Amino acid sequence: MHESEASIVHVNITDFAAAVAIAKQPRLATRPFAIALEGSARRVVITASRKAWEEGIRAGMPVSTAQRMLPALEVLPPDTQSAAKADSAIASLVASYSPDIQCDKGGHVYLDMKGTGRLFGPVMDSALKIRKEIREQLGLEGAVAVASNKLVAKIGTRAIRPCGLAHIREGEEASFLASQDVGLLSGVGSAIARLLEVAGITQIGQIAALDDNQIIAFLGRRGLALRDAARGLDSSSLQKGVMNKRVILRKVNFSEPILSLDELKAAVFASAEDAALQMRMESMGCQAVHIMLFWSDGRTSEATRRTKGQWVYDHEIETSLFQAAMQAMGRRVRLLAFTIKLFELGPVFGQTDLFIPDVLHKQQSLQHSIDEVRQRFGPGILTHATALCHGN
C-alpha cells in the first residue's frame, strides 16, 4: 500500500442505543421506540429507532411531544451495561485488523490500516469484512467509510447512514464534501444550521468556498475551524484505546494547609471549571467524577459520584465534585492538596453547536458563551463567584 492512500476506517453504528436494544430484543425491530432518561420532569429523546424516526420522532424532542405525535411510541431507559458490552465487543473485533485503533463510546471506532496491506489486502476489503463481521457476530448493522483522515471518514459514514460502505479516495476529499448537507459537519447543530439556512448555505462546499474574512464576519474567528473542516482538512491523529478509559485530571496544591470549607469549595469549583472546559472542547461528557484529598498527616481520602445520564456543564461537574468532596471529608486535619478526575467519558448526546450558542436552550447558550470568552481571554477571565475565594 502506498503511504498516500486513504487508510482511515470509521465504523459508525447509527443510533447506537436503539441498535443495541434491537440486538438484545429483536421484537423491537418492527416497533417505533425511543431511548430517554428516567425520572426527569422534562425528559427528551436521546435516540429514536429507525421506525420512530420515519414517524417524525427526533433526538432532542421532548418525550411528551413525541408521545403526542406517536401514541404507540415505546419509551425505554438507556441500557448502559448492554451498550458498554457492545462497545467492548466491537473493539475486540476490530483489534484483530490493526493495532492503531480509537474506540469511542456509542458505536464509533476508527482504525488506521496503513501498512496492513500485506496481511489483509486493500483497505476497502478489510472495511467490508469488518462491517460483515459486526453484523453477523454482534447483530449490529452499521455504516463504514474509508478516507485519508478521521474527519472525512466520519462524514462519510454520516452521508451513507444507517448502513453501507463508502470510499473517499486520497485527493477527492473536497469534491466529496462539496455536495454534502452542512448538517453532517461536526459542530453544526440546530442553531447554526438555521443561521446557515437563512444565509442560503445548505451544502458543505459553500462553507469551503468562503475566504478568511467572509467566515470571520459570519461566524467569528472560531468559524475558521468550521471552514477548514468543510475543506476536508484534519491533522488529528487517532487517540489510541477505548474512550471510556480516558480521564481528565487536575491537581490543586494549597499554598498553606487549610481547614476552611469555603476555601476547599472555591478550589474545587475553579478546578472543575477548567477540567469541564477541556472536556467540552473535545465534545465529550462524563458519567463519573472522583476526588482525592491529601491531608497534612500523610493520609488520603477519596470519593466518587456517578450518573446514569451524562454531565456536561460546569454546574453539573462542580456540584458533583463538591458532593464527592463532602463524602470524602469527616476529618479535622488540615488539607494540603486534592486531585479531581472526570472519567467514563463519551461523546455528548446528540449533535451540538460548537461555534455559536443555541438560543433555544438557556443553559447551553450560557455555557457556550462562557466557554468562548474563556478560550479567547483565558480560563480565569470568567469564573463561578464561589471560586473567587481560591484566587485571593
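Treat the numbers as computed from the prediction; the structure is a model and nothing was measured.
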### Heavy-atom donor-acceptor pair, Glu263 side chain to Leu259 backbone, under 3.5 Å
no
### Query
Any sub-3.5 Å donor-acceptor pair from Asn12's side-chain atoms to Val144's backbone N or O?
no
### Task
Would you check if there is a donor-acceptor pair between the side chains of Lys251 and Thr339 at a distance under 3.5 Å?
no
### Query
What heavy-atom pair brings Ile160 and Ala166 nearest, and what distance separates the two atoms?
CD1-N, 3.8 Å
### Message
Tell me if a side-chain donor or acceptor on Gln137 pairs with a main-chain N or O of Ile134 at a distance below 3.5 Å.
### Response
no
#### Entry: Verify same cluster id: Val146, Leu119 (apolar side-chain graph, 4.5 Å)
yes
### Task
Would you kindly say whether Ser148 and Glu173 are connected by a side-chain donor-acceptor distance under 3.5 Å?
yes
Without placing hydrogens or testing angles, list every side-chain donor-acceptor pair under 3.5 Å for residues 46-55, not counting sequence neighbours.
from: Ser49; atom 1: OG; to: Phe33; atom 2: N; distance (Å): 3.1
from: Ser49; atom 1: OG; to: Phe33; atom 2: O; distance (Å): 3.1
from: Ser49; atom 1: OG; to: Ala52; atom 2: N; distance (Å): 3.2

## Note on the structure
Rounding to 0.5 Å, atoms CD (Glu318) and CZ (Phe269) come to a distance of 5.0 Å
### Query
Going from CD1 on Ile130 to CZ on Arg135, what distance comes out if it is rounded to the nearest 0.5 angstrom?
13.0 Å
#### Entry: Backbone of Glu172 reached by a side-chain donor or acceptor of Ser175 within 3.5 Å
yes
### Query
Is the backbone of Met113 close enough, under 3.5 Å, to the side chain of Thr116 for a donor and an acceptor to pair up by distance?
yes
### Query
Does the pair Glu141/Arg131 count as a salt bridge with the N-to-O cut at 4.0 Å?
yes
### Task
Please round to the nearest 0.5 Å and tell me the distance separating atom CZ of Arg31 and atom CG of Leu76.
9.5 Å
### Message
Looking at Ala337, is its backbone amide N or carbonyl O close enough to the side chain of Asn253 to form a donor-acceptor pair, meaning the two atoms are under 3.5 Å apart?
### Response
no
### Message
Strictly below 4.0 Å, N to O, side chains only: are Glu344 and Arg306 in salt-bridge contact?
### Response
yes
### Nearest atoms (heavy-atom pairs only) where Leu177 meets Ile204
O-CB, 3.2 Å
### Task
State whether a side-chain donor-acceptor pair under 3.5 Å links Tyr97 with Glu133.
yes
### Task
Report yes or no: do Ser301 and Trp295 form a side-chain donor-acceptor pair below 3.5 Å?
yes
### Task
Could you tell me how the ring of Phe254 sits relative to the ring of Phe338: parallel (under 30°), tilted (30 to 60°) or perpendicular (over 60°)?
tilted
### Message
Taking Ala324's backbone N and O only, do any of them form a donor-acceptor pair with Arg305's side chain (distance below 3.5 Å, no angle check)?
### Response
no
### Query
Could you walk me through whether Arg158 and Gln180 pass the side chain to side chain donor-acceptor pair (under 3.5 Å) check?
CA-CA 10 Å; Arg158 287 182 169 185; Gln180 302 297 334; over 6 Å; no
### Query
Of the non-hydrogen atoms in Ile340 and Ala275, which two are nearest, and what is the gap between them?
CD1-CB, 4.2 Å
### Task
Could you tell me whether a side-chain N or O of Glu74 sits under 3.5 Å from a main-chain N or O of Leu28, the two making a donor and an acceptor?
no
### Message
What's the separation between atom CZ in Arg280 and atom SG in Cys286, rounded to the nearest 0.5 Å?
### Response
10.5 Å
### Message
Test question: given the 4.5 Å side-chain rule for I, L, V, M, F, W and Y, name all other residues clustered with Met61, or answer none.
### Response
Val45, Ile57, Val63, Met69, Leu70, Leu73, Val75
### Task
Taking only Lys NZ, Arg NE, NH1 and NH2, and the carboxylate oxygens of Asp or Glu, determine whether Arg331 and Asp297 approach each other closer than 4.0 Å.
yes
### Query
Counting only N and O atoms by type, is there a donor-acceptor contact under 3.5 Å from the side chain of Gln25 to the main-chain atoms of Ala21?
no
### Query
Under 3.5 Å, is there a donor-acceptor pair between the side chain of Ser88 and the main chain of Ala84?
no
#### Entry: Ionic contact status for Asp15 with Arg161, cut-off 4.0 Å
no
### Arg250 side chain to Gln278 side chain, donor-acceptor N/O pair below 3.5 angstrom
yes
### Message
Can a side-chain donor-acceptor contact be found between Gln102 and Asp104 if the only test is distance below 3.5 angstrom?
### Response
yes
### Query
About how many Å separate NZ of Lys265 and CG of Asp262, when rounded to the nearest 0.5 Å?
7.5 Å
### Task
Could you pull out the closest heavy-atom pair between Phe176 and Ala159, with the gap in Å?
CZ-CB, 4.2 Å
#### Entry: Hydrophobic cluster (4.5 angstrom, side-chain heavy atoms) - remaining members for Leu233
none
### Message
According to a hydrophobic-cluster definition based on side-chain heavy atoms being under 4.5 Å apart (Ile, Leu, Val, Met, Phe, Trp, Tyr only), do Ile317 and Leu293 belong together?
### Response
yes
